[in-house]
Structures are given as structure tokens and as C-alpha cells.
Amino acid sequence: MVVWRRTVLAGGVLAALLLAAVFAARPADARRSLPTTSVGVGAREYRLTAYRTSVPRGTVRFNLANYGEDRHDLVVRTRGGRELARTAEVRAGKRATLQVRLGPGTYRLICDLADHEVRGMHTTLRVTR
Amino acid sequence: MSAVGVAETAQSVVADEPVAEVARRRRTRRAARRRHGRQKAHRRPRQGSVGSPGWNEAHVRRLFWRAGFGATPVEARRWAKRGKAATLDFVVNGPPGGAKLRGPEPRVDGRTLDPLNEWGDNVLWWLDRMVRTTYPLQEKLTLFWHDHFATSEQETPLMLAQNRMLRRRALGSFRDLLGDVTRDPAMQLFLSLAGSTKDAPNENFARELMELFTLGTGYSERDVREAARALTGFTADWHDNGTVTIQYEADEHDDGVKTLLGRRGRFAINDVLDLVTAHPNHAPFLVNKLWSFFVATPPSRATVRALAATYRAGGLRVKPLVRAILEHPQLYRNLDEPDLVKCPVVYVAGALRTTGSHISQNYPTWLLETMGQYPFYPPSVAGWDWGPAWMSSNSMRQRFTLGNYVVNYGRPRVRRGSAPATLTAQEAYDLAWRAVAEPQVSSATRAALVHLAAHFFDDLDPDWRDKADWRGEALQATLRHLLLVCPDSQLH
Amino acid sequence: MPRSIHKGCDDFRQTSAGARERWLGGGMTRRQALMGALGGGLTIWANQAMPWARVLEAASAQAADAPAARVLVSVFLPGGCDLLDTLPPIGAYGQYADLRGGMKLEAPPALGATGLGIHPSLAEGLNGGVKGLFEAGKIGFMPGIDYANPDLSHFHSRHFWETGLVTERAAPGWLGRWLDHHGSRDNPLQGLSLSSTLSPVLATASAPVAALESPNDVGLDIWGIGGQQERQMRAAWARMSGARVRGDGPEAVHTAAQLAKSVGDRLAPYAEHDDVDPLAPPVAYPEEDDLGRRLSRVAALVAQPLGVRLASVEANGDFDTHDSQPTELADSLRSVSQSLAAFQADLEARGVADRVLTLVWSEFGRRPEGNESSGTDHGAGGIAWVQGTHAASGILTEYPSLTALDRDDNLKVTVDFRKVYASLIEGWLGTDAAEVIPNAGAYGRLALTR
């Protein structure tokens with residue numbers, strides 16, 4: 001019986017605090033409502049793969065890992081070929097992160113070292129609404 | 001204020017009561033608990049007092065550590081009472097209805113784990129399974145198979161898929177497991193089975209299949225070559241999302257006659273796998289490997305024969321063999337002197353699980369790497385080196401460091417006001433020992449820590465001792481840390 | 001026939017179908033996978049209150065190893081360093097220019113009367129950098145170093161150089177094997193790897209070794225505990241780890257626990273605290289240069305009575321210059337030159353230079369002909385050198401011909417690296433090379449020291 005009452009107390013207070021929090025935070029929250037989505041990217045000779053083929057609009061965090069022997073990088077381009085963001089060159093076995101805000105559309109991910117793109121290091125990412 | 005008085009007041013609270021009033025009531029309740037706690041501390045807990053000489057808490061702890069990631073004190077007492085057979089049933093078969101993950105999903109850096117896309121989350125995801133699963137033996141064997149069929153440096157989607165397959169097959173038919181492993185994309189890429197064609201057969205997988213996965217000895221170079229021929233024809237098909245499908249192309253397969261392990265025929269993959277598992281060396285090979293995973297001292301020849309017979313009689317199913325090992329008296333020798341070194345994964349997962357702590361940060365990833373066992377990255381197809389090989393001054397220092405994280409962020413963290421400096425040395429030790437799930441330690445360790453507790457306040461003016469709760473809390477943190485990381489806790 | 005740009009790495013990919021994964025597989029049985037002790041870690045802790053006199057007493061009591069014992073330092077340049085641009089053959093400049101076209105070095109400084117030049121970046125640093133060290137008689141270059149039928153994979157080649165074995169099997173490092181024979185059972189500081197995980201060169205089967213990035217970020221530390229309480233805590237640790245135990249596992253655990261503490265105790269006086277760095281170098285190293293920082297630690301620790309015998313350091317630069325070699329190599333070699341020059345000056349200032357010899361090496365050379373990206377692909381016949389006051393000076397091996405290439409159009413190998421290892425073990429460390437290098441007798445010897 002004692003325990004039950006304590007639980008009621010906890011629930012009541014908690015609800016109050018939550019309500020207060022919601023009221024206080026709403027305007028700011030609306031501004032930050034776009035999610036950040038992570039996309040793992042694997043690079044090796046001569047293939048570039050993104051572990052998600054589509055993500056919601058917002059910030060996309062690319063986590064690039066180089067599984068190959070050569071150096072590679074990751075470049076994000078619009079479908080038309082305009083470069084939006086790029087990582088530095090990443091040595092074999094190393095990693096790099098790239099964060100970029102993307103609106104809805106299709107984007108091209110490539111490695112732009114030497115002739116890697118032509119040899120297969122490219123893939124597409126769809127960003128949905 | 002008495003405990004009853006607190007409850008009565010609680011009844012009349014409404015949702016918008018001032019926060020200060022709530023806080024005051026919380027403080028009073030805490031004070032009441034503290035007094036109660038001090039009274040409890042005087043009763044020194046006796047470990048191993050539940051059960052019978054043939055099966056008591058010590059047996060349960062030994063079994064739970066070897067077959068999983070340790071036992072909580074509650075579990076140790078409960079299963080000591082239920083007896084050996086019931087405990088073994090529970091451990092080996094798992095709960096009815098299959099394995100579940102108890103408790104909330106972990107959140108790290110304010111988000112749920114994304115093992116596919118975030119570095120390190122794959123390791124945390126697996127570690128979390130070890131901490132929260134209701135079927136620890138299944139996770140433990142998944143770890144065993146990951147080491148046995150060691151695959152490394154393959155892309156995350158492939159390693160996660162392999163991990164799920166190993167878990168599914170962990171306790172079933174070894175032949176089925178072997179078939180799935182041979183067709184597994186990560187394994188095929190790692191050992192160049194994908195792309196091995198009749199014109200250019202690759203011997204890598206064939207060799208490791210016999211040397212490392214099934215036989216150890218008893219095959220020739222010719223057998224390797226012939227097996228390689230029989231295994232040709234697989235190719236890898238990459239998909240946009242990083243997954244891979246293994247295809248079989250009959251016209252890349254060498255369909256000629258092969259002579260393998262004394263038999264002749266137009267062998268293909270299933271024939272190869274049937275032949276290696278039917279080979280007389282297979283059963284003792286696997287028996288020895290599994291035994292050394294669970295038991296620190298080698299089995300006698302008679303034991304190997306008996307276990308091999310069990311394994312064969314069970315149709316090469318893993319579960320009966322594992323059960324026989326987990327029942328074997330040799331596993332329960334020297335109950336008060338644990339002799340098997342905990343591998344880094346078991347050490348970290350066990351510390352979290354037994355203390356009721358959770359994955360909430362990413363420190364386990366780099367700690368496991370510097371301890372020498374980073375999951376999904378074994379050093380070679382031969383897997384890791386176990387036992388004493390885990391130990392070095394470097395890895396020991398890293399294991400020492402884990403204590404900081406568990407004591408500061410896990411369940412054993414010291415609550416304000418819970419450990420006044422006026423506790424006796426023995427009381428302080430007992431409080432700490434209970435807070436870290438009553439680990440098994442030697443009397444020498446106990447004596448050293450009680451001695452530490454006794455002298456921890458030597459530099460304090462005695463008149464100030466009862467105002468020095470902060471020092472008492474520091475002692476608790478130190479004792480809990482040392483109990484978690486001491487040499488005794490590196491063994492199980 | 002047009003060559004694809006990264007032919008070297010292509011070769012690797014093709015040979016690897018069998019070779020690489022075969023190697024990764026290793027065909028190893030558990031027993032043979034002797035990676036052994038992962039290596040010790042230096043446990044350094046800042047202890048403000050310990051009286052210096054007592055500590056130094058303890059430290060020198062611990063330094064049982066002969067204080068004048070010789071030290072060998074391994075400096076690895078990762079990626080495969082190009083011989084032709086490191087020591088451009090100005091005596092055959094025309095041929096060099098033909099091979100390298102637009103990416104050739106225009107007017108490399110001459111290296112004395114050797115007929116060779118040196119990369120301009122190697123003249124940078126204290127006292128003329130690496131070039132200055134050569135002119136002072138402290139460097140012996142070894143062009144054309146490699147092994148027969150070189151494997152052009154970074155992975156494989158590096159493994160061979162690290163283990164001193166041209167084999168696909170896992171094995172301890174060649175210097176680790178030396179410690180297994182001649183090292184102590186209880187001094188992890190005898191082999192220092194300046195990195196967070198142990199360099200494979202120093203991986204041993206049984207002897208303890210240490211991996212350390214910096215003296216300050218390792219230790220038997222409990223957060224929030226310091227001063228007298230910390231001392232008491234460590235004393236408790238010593239008591240717990242000193243207990244008598246039976247069995248391989250328990251013994252290994254207790255030994256490791258004792259070593260972790262003893263190493264911490266021995267390095268305590270040298271830990272950085274209150275902005276005071278007891279290991280601060282007496283000379284200026286290049287700023288914000290990892291190689292320089294690591295070498296300064298080596299020099300400082302060698303100069304203390306700690307029993308350091310071997311050290312392994314990896315340069316940060318990338319020598320795998322498939323493209324933009326002129327700029328990439330210039331940057332990488334600049335760091336090497338400045339750091340090594342400071343290192344030598346540091347050792348001399350500390351008065352220990354006479355007992356330290358440094359071997360600088362890379363895992364293979366590069367193709368003589370440049371590629372279409374102003375770079376070079378993996379090749380054979382690379383460059384290594386020994387450095388020190390007792391190093392044999394000059395050009396110690398035959399510079400490969402630029403016209404008589406091997407059948408893959410690579411530079412011919414003129415000295416096997418195992419010959420160099422065997423010579424160092426016998427000539428500098430003074431022990432039998434056959435203990436470490438199988439078939440050591442077959443390689444002959446070079447005089448690498450004087």
C-alpha cells in the first residue's frame with residue numbers, strides 16, 4: 001500500500017515536470033526537428049558502398065571506412081555534379097566522417113582520386129522528404 | 001520522520017506541488033534509508049551458504065561465468081537451491097520461448113545504437129546483447145564460433161549478417177553451421193572462396209576448412225587441392241546497400257572427379273562438408289577446441305573419447321556436447337581458485353551484467369581494442385590466442401581502467417551520503433563488495449582491501465572524521481574499483 | 001601498352017586472390033600463432049608527493065641491466081619510400097629524368113662525392129638535417145634493399161620486414177625474437193613501442209615489452225584518488241598481485257598485474273606534472289610533429305636508467321606516393337629529416353649517442369618509371385639507412401641500375417633486408433644472428449657499424 005502511494009506520487013510529479021518541459025521548449029524544438037541520420041560508407045578497390053540507400057532530409061553523417069589498400073576519399077555531389085562536401089584522403093584501414101545537410105533529391109557519392117570513380121567507386125543516395 | 005509518516009504525506013500530493021517540497025521529502029526518505037543501510041551493514045553476508053555440498057552458490061557462479069557472463073548474487077542463490085540438473089537445463093536450453101533482451105535498449109550519445117552505420121556501434125550492439133540476454137550461453141557460443149570461423153576486415157553489413165547466422169546456428173547441428181559458414185558472404189570474401197573458379201581454383205578456404213575449422217590434422221596437400229576444386233563455382237554479387245549475395249555458377253564449377261580424404265567422386269560443396277565432418281579426426285578436434293573454451297585444464301584422452309562419442313551419438317549437434325562439458329566435474333575443480341583467464345569481451349560484458357549496469361557510453365570499444373580483442377576484427381583466420389596470452393602489463397592496465405567507467409557510470413556508482421567515513425573497515429568492504437555483485441575473491445585480496453579501508457583515513461584528523469563523508473565515498477569508489485579489476489576478477 | 005595508373009596496387013589485388021587472403025588466413029594453427037604477449041603498457045602516474053631521492057633510489061636499483069648496453073631503434077616509413085627521389089642518381093641524371101619526366105627533382109643537392117644527390121627536404125632540420133648527418137659521417141645509406149621476388153602488397157611486405165621472415169605465417173617480430181632470447185623476464189621497458197598498440201616488430205613470444213604513446217596518458221589510476229590515498233591503493237594492488245597462485249592463467253594474471261605496477265613506479269619520476277616535463281628535450285624538435293615527439297620520448301627514456309634496449313617508432317607521413325609524389329614526398333621527407341636530425345642532436349646532448357643506432361626502413365621501393373598521376377607505383381629495391389655516431393658511413397650497398405631492370409621493370413634488389421638484420425644483430429647487438437634470422441649464414445654480412 002505504501003509502495004503504491006509512492007508510485008502515484010512519482011507519476012504525478014513526473015507528469016508535471018514533463019508538461020512544464022514541453023511548454024518551455026516548444027518553439028526551439030520546432031526549429032531543430034530535422035533529424036541527423038548516419039550512413040556507413042565502405043571504400044575498397046574499386047567499390048564504394050553506402051549502407052543506406054535512402055535517408056530522410058536533414059543532416060546526413062557519412063561514416064567512411066577504408067577497407068582497401070589504397071587511399072580513398074568520399075565526395076558528395078548533386079545529381080548534376082556540383083560538389084557539396086568532401087572528406088580528406090583516408091589511408092588504408094582509417095576512417096573519416098562527413099556531415100552535410102541535404103534536401104530531398106538524389107545525390108552522387110564518389111571517390112575522386114585518380115580514376116577510382118570510373119573503375120566503380122560511385123553510388124547513389126536518395127534523400128526523401 | 002518515520003517511514004510511515006513519509007508515506008502518509010505522499011498521499012496528499014498533487015501534480016503541481018512546489019519542487020522544493022518534493023525535494024525535502026526526498027531528503028528525509030534518503031536519511032531514513034541511510035540509517036537503515038547502516039543497520040544492515042553490520043550483518044556480514046556469507047557467500048556460498050545456500051545449497052548443498054554437491055551444488056551450491058560456488059558451483060552456480062562457476063557455471064554461469066564459464067557458460068555466460070557471470071551470475072548476480074540473486075541468480076547464484078536461486079540456482080543453488082534448484083540443484084544441478086535444473087540449473088544445467090536452464091543454462092543449456094535457455095528460457096522457454098527463446099532468448100530475449102531484458103530491459104531498455106541502450107542509448108549512447110543521446111541516440112539508439114546504429115550498428116550498421118556508426119563505427120563502434122556494432123561492438124556495442126553485441127556487447128549489449130551479452131549484457132541483457134536471457135540466454136547467455138547462446139551469446140557465449142556465438143563468440144566462440146566468431147573466433148573459430150574467424151573472419152576479419154570485412155564490411156559491416158556482412159559481419160553483422162554473419163554474426164546473426166552464427167547465433168542462429170550456435171547450438172544446433174555443426175554440419176548445418178558449417179554449410180552456412182561456407183556460404184557466408186563475409187567468409188567467402190575473406191578467404192577468397194567467392195571467385196574461385198575451375199580455371200583458377202583458390203585453395204585458401206579449402207585449407208582453413210580442414211586445418212582450422214574441422215580436422216586439424218589428417219589431410220594432405222592433395223586433399224586441399226581437391227577440396228578447392230570441389231568448392232569452385234561461387235561468385236559474389238554486391239548490392240547497392242553493401243550486402244552481398246553468394247551465387248553459384250555451374251559453369252565455373254569444376255565438375256570433374258576428385259579424390260578427397262580417400263574417397264572418389266564428382267564432389268561439390270555438400271560432399272566436401274559431409275566428408276570432412278565424417279572424418280574420424282573431426283569429433284576429437286572439435287571436442288578439444290570446445291573443451292578448452294570452457295575448461296582451463298586439458299581433458300584426458302578418455303574424456304575426449306567419451307565426449308566425441310556423445311557428439312557423434314547426437315548427430316554432430318553442438319548442444320549435447322556443450323552440455324556434457326558443462327556438466328563435467330573437471331569444470332568445477334578448484335572452485336575457490338578460478339583458473340581460466342577471462343577474455344576481454346567476457347571481462348567487460350561480465351562486469352556490466354553482474355553489476356546490473358548497462359551500455360550507456362562507447363568506452364567499451366576502444367578499451368576492448370587496447371585489451372587485444374576487438375570483435376569483428378580477429379587478428380587472422382586462426383582467431384585470437386586465449387588464456388594466458390590475454391595477459392600483459394599493457395592489457396592489465398587497460399583492464400584496470402575499466403573500473404573507472406563501471407564505478408562512475410554503472411550501477412555501482414557511489415551515491416551521495418551512502419558511505420560515511422565512520423563505517424568500520426569491514427563494513428566499508430562489505431558495502432563495496434555487495435555493490436559490485438559480490439565477486440569471488442581470495443582471502444588475501446579481502447585482507448588487502450580491508451587493510452586499505454582501515455588506513456584510508458590515516459591522514460585525517462579524527463575529530464573531522466564524521467564530517468568527512470566525501471572521504472568515505474572516495475573509499476567506496478576505490479574499493480569497488482579494485483574489487484572489479486583485481487587479479488582475482490580477471491579469472492573465472 | 002598503356003599502363004593503368006595504380007598498377008602496383010592492381011598487382012597486389014591480383015596476386016592477393018590467393019596470396020593476400022591466404023596470408024591473412026595464415027594457415028596458422030593456434031600453437032603457431034605466436035603473437036604471445038600483446039606487450040606491456042607503460043603505466044605512468046603523476047605522483048606529486050613522492051620524495052625524489054627515494055624514487056631515484058628505487059629506479060636505479062631497478063635498472064639492473066648494464067647501463068652502457070647498446071640500443072637499437074627502428075624507424076618505419078610506411079607506404080614504400082621511393083629510392084630514386086630520396087637519393088636521386090645525379091650521375092645518371094639523364095636516365096632518371098627520362099624515367100620520371102615532369103615529376104623529376106630539378107636540381108637536387110649533391111651528396112658529397114658519391115655520384116648521388118639527395119632530396120632537398122632531407123637537408124632540412126638541425127645541422128643540415130639528414131644530409132648534414134651524412135656529411136658528418138653518421139649515416140650509412142643502403143639503396144636497393146628489399147628481398148627477392150618482392151610481394152608488392154603493403155600488408156605482406158610489411159609483415160615480412162617486421163618478422164624478418166618471408167613467410168605468410170604469423171610470427172613474433174624480429175626484434176621481439178631477439179628479446180625472447182636476450183631480454184629480461186620482468187622489464188617491459190626493454191622494448192618500447194611508441195604507439196598505443198604494440199608494433200609487430202616488437203611482438204614477442206614471452207618477453208615483456210611496452211607500448212606507450214606518451215608517458216602521461218597511461219597509469220593505474222582511479223579517478224579522483226590522489227596523494228596518500230593513491231599510494232595506499234597501489235600498495236593494496238601490490239599486495240593483491242603478489243599473492244601466490246597456481247596455474248598458467250593465474251600466474252599470467254598476477255605477473256601482468258605486478259609488471260603494470262612496477263613499470264608505473266619506475267616511470268613515475270619522469271611523468272609530466274604541473275607543466276613540468278622531466279623528459280623535455282634539450283634540443284628543438286619540429287613542432288607538432290608526431291615522429292619528432294615519439295623520437296624525443298625515445299631519446300629521453302633511453303637516457304634514464306630504465307634498461308631500454310629496443311624501440312620502435314612509425315613515421316606519420318605517407319610514403320605510398322601513387323600520385324602527387326613531388327609534394328607528398330617532400331612533406332613526408334621533411335618531417336623525417338627534421339625529426340631524425342633533432343633525435344641525433346638530442347642523443348648527443350644527453351650523452352647517450354654512442355650506444356644508440358637507428359635503422360630507418362620502408363616496406364618496399366617504387367617503380368622507376370613514373371605513372372600518369374605524377375606518382376609512382378609499388379616497386380622493388382628501396383632505401384633504408386643506419387644512423388648514429390657508430391654507424392658505418394657512406395653508401396653501403398650497390399645502387400641499382402636504372403637500365404638493367406628486373407623482369408617486372410622494377411629496380412633490381414641489391415641487398416636482402418635479412419642481411420641487414422643479421423649484420424645488426426651480430427655487429428651491433430653482439431649476438432648470434434641465427435637465433436633470430438633463420439638461415440642467417442646464407443645472407444652474408446655488411447659492416448654497418450664502426
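The structure presented is a predicted model; accordingly, all values stated were derived computationally and were not measured.
- At a 4.5 Å heavy-atom cutoff, the contact between B:Phe400 and chain C is made by side-chain atoms alone.
- For a residue to count as touching a neighbouring chain, one of its non-hydrogen atoms must lie under 4.5 Å from one of that chain's; by this rule C:Gln228 touches chain B with the side chain only.
- With a threshold of 4.5 angstrom between heavy atoms, B:Ala296 does not approach chain C through any atom at all.
- If you measure heavy-atom distances from C:Ile222 to chain B, the contacts under 4.5 Å come from both the backbone and the side chain.
- Taking 4.0 Å as the cut-off between side-chain N and carboxylate O, B:Arg229 and B:Glu203 do not count as a salt-bridged pair.
- A cation-pi arrangement is absent between B:Lys342 and B:Trp390, since the terminal nitrogen or guanidinium carbon is not both under 6.0 Å from the aromatic centre and inside a 45° cone about the axis.
- Between B:Glu221 and B:Arg207, at least one side-chain nitrogen of the basic residue sits less than 4.0 Å from a carboxylate oxygen of the acidic one, meeting the salt-bridge criterion.
- Ring planes of B:Tyr429 and B:Trp433: parallel class, angle under 30° (limits at 30 and 60°).
- With a 4.5 Å cut-off on non-hydrogen atoms, B:His481 touches chain C through its side chain but not through its backbone.
- Between chain B and the residues C:Pro250, C:Ala236, C:Ala257, the largest count of heavy-atom pairs under 4.5 Å involves C:Pro250.
- Neither the backbone nor the side chain of B:Leu340 comes within contact range of chain C, judged by heavy atoms closer than 4.5 Å.
- For B:Arg399 (side chain) and B:Met371 (main-chain N/O), no donor-acceptor pair under 3.5 Å exists by modelled atom type.
- B:Arg66 contributes a side-chain N or O that, together with a main-chain N or O of B:His492, makes up a donor-acceptor pair within less than 3.5 Å.
- Aromatic rings from C:Trp223 and B:Tyr405 are positioned such that their centres are separated by under 6.0 Å.
- For B:Val407, no part lies under 4.5 angstrom from a heavy atom of chain C.
- With a threshold of 4.5 angstrom between heavy atoms, B:Arg471 approaches chain C through side-chain atoms but not through N, CA, C or O.
- Residue C:Arg244 does not touch chain B at all, counting heavy-atom pairs closer than 4.5 Å.
- Most heavy-atom pairs under 4.5 Å with chain B: of the set C:Ala243, C:Gly249, C:Ala256, this distinction falls to C:Ala256.
- Taking the six-membered ring for Trp and thresholds of 30 and 60 degrees, B:Phe293 and B:Phe144 have ring planes more than 60 degrees apart, a perpendicular arrangement.
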